[in-house]
Amino acid sequence: MRDTQLFQLALGINSRRFVAASDFDAEKKRLDIEIDFKAGVRFACPECKTADCPVHDTARKTWRHLDFFQHQAFLHARTPRITCTKCGGTLGETRLRLHAAVRGG
Ligand SMILES: [Zn+2]
């Protein structure tokens with residue numbers, strides 16, 4: 001099993017996203033995991049729940065995760081920015097928390 005697959009299972013990443021890369025630096029005691037979403041994936045509006053809103057832009061975000069044994073762990077994700085076609089609601093990087101980025105819509 002590749003490390004990206006292992007982290008994907010361990011983090012419980014949903015089917016629309018995947019672990020694109022991971023970098024483990026024993027000297028710096030640091031683990032970095034890069035999460036991305038699949039091309040063409042659409043997301044639901046957080047306001048009115050309209051499904052299938054297209055992504056018009058992305059923003060990169062980093063979260064500190066629980067330590068991986070004695071190593072600091074960081075998750076990085078290209079987060080989707082959408083504008084709802086029905087209500088104009090937006091989903092942007094400032095509203096997206098780690099849980100949503102990994103497991104949510
Ligand atoms: Zn909406």
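Counting starts at 1 for both ligands and their atoms, following the listed order. Here the structure is a predicted model, which means the values were calculated and not measured.
For the side chain to side chain contact (heavy atoms under 4.5 Å, CB included) with Gln72, the lone residue among Lys28, Arg64, His65 that qualifies is Arg64.
Angle SG(Cys48) to the Zn ion (ligand 1) to SG(Cys84), rounded to 10°: 110°. The Zn ion (ligand 1) lies at the vertex of an angle of 110° between the SG atom of Cys87 and the SG atom of Cys45 (rounded to 10°).
Taking the six-membered ring wherever Trp is involved, the centroid distance between the rings of Phe24 and His71 falls below 6.0 Å.
With respect to the salt-bridge test (charged N to carboxylate O, under 4.0 angstrom), the residues Arg42 and Asp52 do not qualify.
Judged by the 6.0 Å distance and 45° axis criteria, Arg16 is not positioned over the aromatic ring of Phe37.
Not a single N/O/S atom of Cys53, whether from backbone or side chain, sits less than 2.8 Å from the Zn ion (ligand 1).
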